[in-house]
Amino acid sequence: MYSNRHIAHSSASRFRQSLVWTLLITFFFCIAMPYNADAARKKTRSKAKTTATSRKKRSKKRTSSRSSGNWALTAKDVNPDSTGPEMKSAKSSSKRKVTVEKPDLDLIRTATLDPANKMYFPNLMKKFQRNDTTMTAEEFRYLYLGYMFQEDYDPYRESPYSAITDSYRSKSSHTKEEIDTIRKYAELTLRDNPFDLRQMSFLVHVLKERRKDMSAKIWEYRLEHLLGAIKSTGTGEDQENAWFVIYPAHEYDMVQLMGYQAVDANLIEPGFDYIVVQPEEDTARRLRDKVQKGFYFDVRQVHRQYELKHPEETEEEEDDTTGEPVGEPASDPDDTPALDPDDIPAE
C-alpha cells in the first residue's frame, strides 16, 4: 500500500513539473513573438525599400536613355483628349482618337473676338494659364487657332530669351545650374509667346531630368493638347487635308511628332507649305509601305495676318519684283542707241 501511494505521489509530482515547464515555455514564447514579428516587419520594410530604390533607378535609367539625344516628345506622348496631365500609354491613347475636322477660321475669328461668346480668347487663355483640366479639345482648338486674330499676334516674332536655351539643346543631360537656367529663360519665352511648342517641349524634358514631376506634367498637359489641336485640323496628306498652324516653326514640330525628319520645304501657292520628310527607323519599320514622303500645311491665314501687321514690308517686296531701282522708270527698248556701222564686222 505504501508502494502504491508512493507511485501516485511521484506521478502527480511529474505532472506538476510538466505543467510548470509547459507554462514557462508558453510564457517565453509569447514574450519572444512580438520581437520576432517586429524583426519580420523590419525585414519586410527593408526589402520593400530596396525594391523601390531599384525600381526607381531602373525607371530613371530608362528615362535617361529615352531622352538621350532627343528631348522632343514623340507621337505616343500626345493624347489630346486626356482629362489630366498624366502621360498615357500607346494602348490607352489609341482608344481616344483625335476628331479631325477642317476649321472654319471665319467662325473662330468671330467667336474669339466676341466677349459674350464662350470661346472669347482672353477667357480661354485664363483657363489655359491656370491649368484648368476641364478645357475641352474644342476649346484648345479655338485657343490655338484664335490666337491668329489677336492684336499681339506676329507669326515671325522671336523672343529675345529663346536664343539663350538653344546652346543647351544638343546635350543629352544637364547640370542643376544648366537646368535652372533653361527653366528660367524657357518660362520667360513662354510668357512672351505662350505657343512656343519647342520651348515647351524642352522645358518638359529638363523638368523631368530635374525630377520636378508635377511641373513637368503641367507643361506636358499644355503641350499635348496644343499639338492635338493642330492634329485635329487635318491629316497633312494633301492640300485639301492640310494641317493648320499659327507659326511656321510648328510645321517641324508636327513632322517630328509623327516620327519623321524634315529634309526640305517648298512653298506652294496660294499659301501652302510642303515639308519633304524622311522617316526615322522606328517609323519606317512600323509603317513600311505607308510611309509619307511629305506633309502639307495651310499657312494662308498666317501670310494674310503678317501682311496686315507689316504692310510696309509687303510694299517693299512688290517694288523689288520689278527688277529695277525703286522710283526710276524701266528702260524703253526704243531708247537703245543704234549700232555704229564701223562696229559691224566685215563679212
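In terms of the side-chain contact (heavy atoms from CB on, under 4.5 Å) criterion, residue partners of Q129 (sequence neighbours excluded) are, by chain and number, M125. With sequence neighbours excluded, no residue forms a salt bridge (Lys or Arg N to Asp or Glu O under 4.0 Å) with D192. Qualifying side-chain contact (heavy atoms from CB on, under 4.5 Å) partners for E269, counting only residues two or more places apart in sequence or in other chains: L267. Judged as a side chain to side chain donor-acceptor pair (under 3.5 Å), and not counting sequence neighbours, R191 has no contacts. For T165, the side chain to side chain donor-acceptor pair (under 3.5 Å) partners are Q199, not counting sequence neighbours. R288 meets the salt bridge (Lys or Arg N to Asp or Glu O under 4.0 Å) test with no other residue; sequence neighbours excluded. Qualifying salt bridge (Lys or Arg N to Asp or Glu O under 4.0 Å) partners for R109, counting only residues two or more places apart in sequence or in other chains: none. Listed by chain and number, the residues in a salt bridge (Lys or Arg N to Asp or Glu O under 4.0 Å) with K293 amount to none (sequence neighbours excluded).
Linking Ile, Leu, Val, Met, Phe, Trp and Tyr whenever their side-chain heavy atoms come within less than 4.5 Å leaves L203 and Y185 in two separate clusters. Connection of L107 to I230 is established within a shared hydrophobic cluster, with ILVMFWY side chains joined at heavy-atom distances below 4.5 Å, either directly or through further cluster members. Taking hydrophobic clusters as Ile, Leu, Val, Met, Phe, Trp and Tyr residues chained together by side-chain heavy-atom distances below 4.5 Å, I164 does not share a cluster with V206.
Remark: E158 CD is loosely packed, at most 12 non-hydrogen atoms of other residues, nucleotides or ligands lying under 6.0 Å away.
Identified under the side-chain hydrogen bond (donor to acceptor under 3.5 Å, both in side chains) test for residues 258-268, with sequence neighbours left out: none. Applying the ring-ring contact (aromatic ring centres under 6.0 Å, His included) test to pairs two or more places apart or on separate chains, those with a residue in residues 229-255 are Y144-H250, Y153-Y247, W243-F295, W243-F297, Y247-H250.
Cluster note: V276 groups with V263, I268, F272, Y274, Y296 through ILVMFWY side-chain heavy atoms spaced under 4.5 Å, whether in direct contact or through intervening members. Other members of a hydrophobic cluster containing Y120 are absent, since no ILVMFWY side chain comes under 4.5 Å of it, directly or through relayed contacts.
Remark: the backbone N or O of T175 is not paired with any side-chain donor or acceptor of R210 at under 3.5 angstrom. For T110 (side chain) and D106 (main-chain N/O), a donor-acceptor pair under 3.5 Å exists by modelled atom type. Judged purely by atom type and a 3.5 angstrom limit, H310 has no side-chain atom pairing as donor or acceptor with the backbone of Y306. A donor-acceptor contact shorter than 3.5 Å is absent between the side chain of S215 and the backbone of K212. Between the H174 side chain and the Y168 main chain, a donor and an acceptor come within less than 3.5 Å of each other. In this structure, R141 contributes its side chain and S232 its backbone to a donor-acceptor pair below 3.5 Å. A donor-acceptor pair under 3.5 Å links the side-chain atoms of T112 to the main chain of I108, judged by distance alone.
Ionic pairing of R286 and D282 is not present here: no N-O contact between side-chain nitrogen and carboxylate oxygen is shorter than 4.0 angstrom. Note on D213 versus K208: no salt bridge recorded, every NZ/NE/NH1/NH2 to OD/OE distance being 4.0 Å or above.
Looking at E178 and T181, their side chains never come closer than 4.5 Å, going by heavy atoms from C-beta outward.
Separation of atoms CD (E138) and CG (L124) is listed at 10.0 Å; rounding is to 0.5 Å.
Considering K118, K127, K126 as possible partners of E139, the one that fulfils the salt bridge (Lys or Arg N to Asp or Glu O under 4.0 Å) test is K127.
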Kindly indicate, with the supporting measurements, whether the criterion salt bridge (charged side-chain N to carboxylate O under 4.0 Å, His left out) is fulfilled by E240 and K102. CA-CA 9 Å; E240 183 62 26; K102 193 170 185 177; 3.6 Å; yes
